[in-house]
Protein chains: 2
Amino acid sequence: MVISKSPARKAKPVRMQPKAAAEMPADAPLDLGELADLLGYSLKRAQLRVFEDFLSVMNPLQLTPAQFSVLLLMEKNPGRNQTEIASTLGIQRPNFVAMLDSLESRGLCVRLRSVSDRRSHVLMLTDKGRATLVRAKKLVAAKHETRISALLGESNRVALVRMLAKVAREL
Amino acid sequence: MVISKSPARKAKPVRMQPKAAAEMPADAPLDLGELADLLGYSLKRAQLRVFEDFLSVMNPLQLTPAQFSVLLLMEKNPGRNQTEIASTLGIQRPNFVAMLDSLESRGLCVRLRSVSDRRSHVLMLTDKGRATLVRAKKLVAAKHETRISALLGESNRVALVRMLAKVAREL
DNA sequence: CGTGTTTGGTATAGTGGATAACAATTATCA
DNA sequence: TGATAATTGTTATCCACTATACCAAACACG
């Protein structure tokens, strides 16, 4: 028998509230306590917000952050295969297949059978992919990164990115 | 008819690589290009790494970041109901149910039917929950946050958290 | 040649997050 | 008061993302 990880909700909470503690406002914002000082918490919250903003800015081009990063890598590293691009981005190779299917079906990139190793597919941007990437970069620069820079100040934004990269790399 | 978002993989890439471009090292690390300057990218990467470290540090207590944050909120805000705790953490109420089931089945907290509003469940830490939280805090402080502080310097770590909170709040 | 490895791909499962709907309860207000 | 609306916890789904096992084709290499 397998130990179930799912809820074992049988006895519903029929218990009553014990003591009627001192009257509280009851509608005041909650106290985050040490949560506010936890790096992981603010990190996650900020990441969700930044991705949300990125998505809304990129709405006309219908590119997710992950798709945008793939196109960027293809542009700067033409001729690489799926394994190389995927692993650089921390994407599992099986999960990269559907992602490429999507980009290729939209005509943004192509898989070319490599002449030197017929197992691998060389990835290349199409003209449409390059044009889309140009527009995407402009959107990101004009409406996304600019907004963050306006909020933090450009030097702080750069320092922030540098610290995050260090954490990602060296922790 | 619905427009399918799924892959339309029919024609497999039988095309051949066109020109044999200039010889490349082929095994050099890829160039991240503007990806390295994108806040969203380093943010996501750092978040994954920090959560990974948190999980390994918290391994003996088997607490995820989300569970830890719930316990912290319960401690600092006893007597709040599920909706209040969940919404403060950005958790959808339906998704919070299974999470509470798990914590309650482990004896870390209880749902008490409120005397003032019999719809809602007042959330309280149990003694075991409080004891677990004490141990968890010590682990996080000693092995997690300390490590990040050693990497960045404490003042930088504080500045980092402050900037992230600002982004999460004001972007 | 035969063995082992790599590559892209399939199938599948787990997890996190989002929405619709519902019963019980409370709030609102004519 | 009584009818209607809103809220709370919950269930049932659904979708996106991630992780693992496995496979055939192609390659590496002794």
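Hydrogens, waters and symmetry mates play no part in the numbers below; they use all other heavy atoms, side chains included. In what follows, every chain begins at residue 1, and chains take the letters A, B, ... in the order their sequences are listed.
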For residues 148-155 of chain A, tabulate all N or O donor-acceptor pairs below 3.5 Å that involve a side-chain atom, not counting sequence neighbours.
{"unit_1": "A/Ser149", "atom_1": "OG", "unit_2": "A/Glu154", "atom_2": "OE1", "d": "2.6"}
{"unit_1": "A/Glu154", "atom_1": "OE1", "unit_2": "A/Arg157", "atom_2": "NH1", "d": "3.4"}
{"unit_1": "A/Glu154", "atom_1": "OE2", "unit_2": "A/Arg157", "atom_2": "NH1", "d": "2.9"}

(request) State yes or no: do B/Leu103 and B/Val134 share one hydrophobic cluster built from I, L, V, M, F, W and Y residues joined by side-chain heavy-atom distances below 4.5 Å, directly or via other members? (result)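 No, B/Leu103 and B/Val134 fall in different hydrophobic clusters.
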
(message) How long is the straight-line distance from CG of B/Leu123 back to CG of B/Leu100, given to the nearest 0.5 Å?
(response)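 One gets 5.5 Å once the value is rounded to the nearest 0.5 Å.
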
(message) Return the OG to CZ distance between A/Ser120 and A/Arg80, rounded to the nearest 0.5 Å.
(response) 11.5 Å

Starting from [atom2] on [N], measure out to [atom1] on [X] and report it in whole angstrom.
X: B/Asn81; N: C/dT26; atom1: CG; atom2: C1'; value: 13 Å
X: A/His121; N: D/dA24; atom1: NE2; atom2: C1'; value: 13 Å
X: B/Phe96; N: D/dT11; atom1: CZ; atom2: P; value: 14 Å
X: B/Gln47; N: D/dT18; atom1: CD; atom2: P; value: 11 Å
X: A/Leu48; N: D/dC17; atom1: CG; atom2: P; value: 13 Å
X: A/Gln82; N: C/dG9; atom1: CD; atom2: C1'; value: 9 Å
X: B/Phe51; N: C/dG16; atom1: CZ; atom2: P; value: 11 Å
X: B/Leu55; N: C/dT15; atom1: CG; atom2: C1'; value: 12 Å

(message) Applying side chain to side chain contact (heavy atoms under 4.5 Å, CB included), can you list everything that pairs with A/Lys137, at least two apart in sequence or on another chain?
(response) A/Phe68, A/Leu72, A/Glu75, A/Leu133, B/Glu34

(message) A/Arg130: which residues meet the side chain to side chain contact (heavy atoms under 4.5 Å, CB included) condition with it, sequence neighbours left out?
(response)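 Listed in chain order: A/Leu125, A/Asp127.
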
(request) Estimate the overall bend of the helix from C/dC1-D/dG30 to C/dA30-D/dT1 from the end axes over five pairs each, rounded to 10 degrees. (result)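 About 20°, once rounded to a multiple of 10°.
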
(request) Grab the two heavy atoms, one from A/Met124 and one from A/Pro78, that are nearest each other, plus how far apart they are. (result)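 Answer, listing the atom of A/Met124 first, then A/Pro78: SD-CB, 4.4 Å.
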
(request) Return the minimal non-hydrogen interatomic distance between A/Gly40 and B/Val50, and the atom names on each side. (result) CA-CG1, 3.8 Å

(message) Go through it in stages, so that I can follow the logic: the residues are B/Tyr41 and A/Val161, the test is side-chain contact (heavy atoms from CB on, under 4.5 Å), and I'd like the CA-CA distance, side-chain angles, deciding distance and then a yes or no.
(response) CA-CA 9 Å; B/Tyr41 180 73; A/Val161 171; over 6 Å; no

(request) Ignoring backbone atoms, establish whether A/Lys44 has a side-chain N or O less than 4.0 Å from OP1 or OP2 of C/dG16. (result)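 It does not, given that no N or O in the side chain of A/Lys44 lies less than 4.0 Å from OP1 or OP2 of C/dG16.
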
(message) At less than 4.0 Å, is any side-chain N or O atom of A/Thr83 found next to OP1 or OP2 of C/dG8? Yes or no.
(response) yes

(request) Check DNA chain C against residues 87-95 of chain B and give the residues with a non-hydrogen atom under 4.0 Å, in numerical order. (result)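 When residues 87-95 of chain B is checked for heavy atoms under 4.0 Å from DNA chain C, the hits, listed by number, are B/Gln92, B/Pro94, B/Asn95.
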
(request) Before giving the answer on side-chain contact (heavy atoms from CB on, under 4.5 Å), spell out for A/Asp53 and A/His144 the whole-Å C-alpha distance, their side-chain angles and the decisive distance to 0.1 Å. (result) CA-CA 7 Å; A/Asp53 185 72; A/His144 180 65; 2.7 Å; yes

Quick test: give all pairs of protein nitrogen or oxygen and nucleotides 27-30 of chain D nitrogen or oxygen below 3.5 Å, distance rounded to 0.1 Å.
{"unit_1": "D/dC27", "atom_1": "OP1", "unit_2": "A/Arg118", "atom_2": "N", "d": "2.8"}

(request) Please examine the side chains of A/Gln47 and A/Leu43, heavy atoms only from C-beta on, and report whether any two atoms are closer than 4.5 Å. (result) no

